[in-house]
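Each remark here refers to the structure printed beneath this line.
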Amino acid sequence: MSLDNADISAGKNEIDIILPTYRLKPEKKSKFYPSQAKQISKEILEEELGKKVDDKWVKECADFGDGFETLSKDIADKIKEKIKCTLHIPRYKLVTQVTVGQMKDQGVRITSRCLWDTSTDNYATASFQNQHIWASAIVFGLYTD
C-alpha cells in the first residue's frame, strides 16, 4: 500500500485549491488618492521645517551639507510611513522624493518622468517655503499586483 492510497483510505482525500492572490485593479477603498497624500505631505513639511528652520540654524548649516541631507531623508521617510499607515494601501509601492534648497535669489525646476498605468498609478506634490528655505515633496503611488 503506497502513501497516497493510505491517505485516501483514511478519508483524507481533500485537495486544497489556492487561487491566485493577484489583482489587476485596486479596490475602491485601497486606492492611492493624491489629494490625501498631498495633505499628509504638506502637514509633515510644515511640522518638520516650520519649527526647526530659523536664521541661526541656516547659518550653522550654511554649506547645506549633511544636516540638510539627513533632514530631507527623515522627512521623506516620515511622509512615506504616515501615508502607508493612514491610507491603507498595501498593494502600492510608494516612492518619496524630498528636495530642500536655500532661498538665495535663484530659481529651480524639479521634473520627473515615470512609466505607469494611468488607471491605477498617480502622484502627489507638496511644497513649503519660508524666508530661509524652500522644500518640495513628491510622492509616487505605484500599484503592484
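In this text, all values refer to a predicted model and were calculated from it rather than measured experimentally.
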- [ ] Please report the closest heavy-atom contact between Tyr143 and Arg91, naming both atoms and the distance.
- [x] OH-CD, 3.5 Å
Task: Pair Lys38, Thr125: side-chain N/O donor-acceptor within cut-off below 3.5 Å - done: no
Open item on the list: Between Val108 and Trp134, is there a side-chain heavy-atom distance shorter than 4.5 Å?
Closed with: yes
TODO: Supply the atom-to-atom distance Ile79 CD1 to Glu81 CD, rounded to the nearest 0.5 angstrom.
DONE: 11.5 Å
- [ ] Supply the atom-to-atom distance Leu87 CG to Gln36 CD, rounded to the nearest 0.5 angstrom.
- [x] 5.0 Å
- [ ] Return the minimal non-hydrogen interatomic distance between Ser30 and Pro26, and the atom names on each side.
- [x] O-CB, 3.8 Å
Open item on the list: Looking at Lys31 and Glu27, is any side-chain nitrogen of the basic one under 4.0 Å from a carboxylate oxygen of the acidic one?
Closed with: no
Open item on the list: Side chains of Lys42 and Phe128, heavy atoms from C-beta outward: is any pair under 4.5 Å?
Closed with: no
- [ ] Could you tell me whether Glu47 and Lys78 make a salt bridge, using a distance below 4.0 angstrom between a side-chain N and a carboxylate O?
- [x] no
- [ ] Please report the shortest heavy-atom distance between Pro34 and Ala124, naming the atom on each side.
- [x] O-CB, 3.4 Å
Open item on the list: Ignoring hydrogens, what is the shortest heavy-atom contact between Ile83 and Ser41? Give both atom names and the distance.
Closed with: CD1-OG, 4.2 Å
Open item on the list: Please check this pair: side chain of Thr86 against backbone of Lys82, looking for a donor-acceptor N/O pair closer than 3.5 Å.
Closed with: yes
- [ ] Using the rule that two of Ile, Leu, Val, Met, Phe, Trp, Tyr join whenever any of their side-chain heavy atoms come within less than 4.5 Å, decide whether Tyr123 and Ile110 are in one cluster.
- [x] yes
TODO: Answer yes or no: is there a side-chain heavy-atom contact under 4.5 Å between Thr99 and Gln97?
DONE: yes
- [ ] For Asp121 and Trp116, indicate whether the former's side chain and the latter's backbone hold a donor-acceptor pair under 3.5 Å.
- [x] no
Task: OG1 on Thr96 to NZ on Lys80, rounded to 0.5 Å - done: 5.5 Å
- [ ] Measure the CG-CZ distance between Leu94 and Phe140 for me, rounded to the nearest 0.5 Å.
- [x] 11.5 Å
Task: Criterion side-chain contact (heavy atoms from CB on, under 4.5 Å) on Lys25 and Asp117, from CA distance to verdict - done: CA-CA 10 Å; Lys25 301 285 181 193; Asp117 182 0; 3.9 Å; yes
Open item on the list: Testing the basics here: between Gln129 and Met103, what is the closest heavy-atom pair and its distance to 0.1 Å?
Closed with: NE2-CE, 3.3 Å
Open item on the list: So if I apply the side-chain contact (heavy atoms from CB on, under 4.5 Å) rule between Val98 and each of Ile75, Val139, Asp74, Ile44, which one comes out positive?
Closed with: Ile75
Open item on the list: Students often mix this up, so state it plainly: with edges at 30° and 60°, are the rings of Tyr92 and Phe32 parallel, tilted or perpendicular?
Closed with: tilted
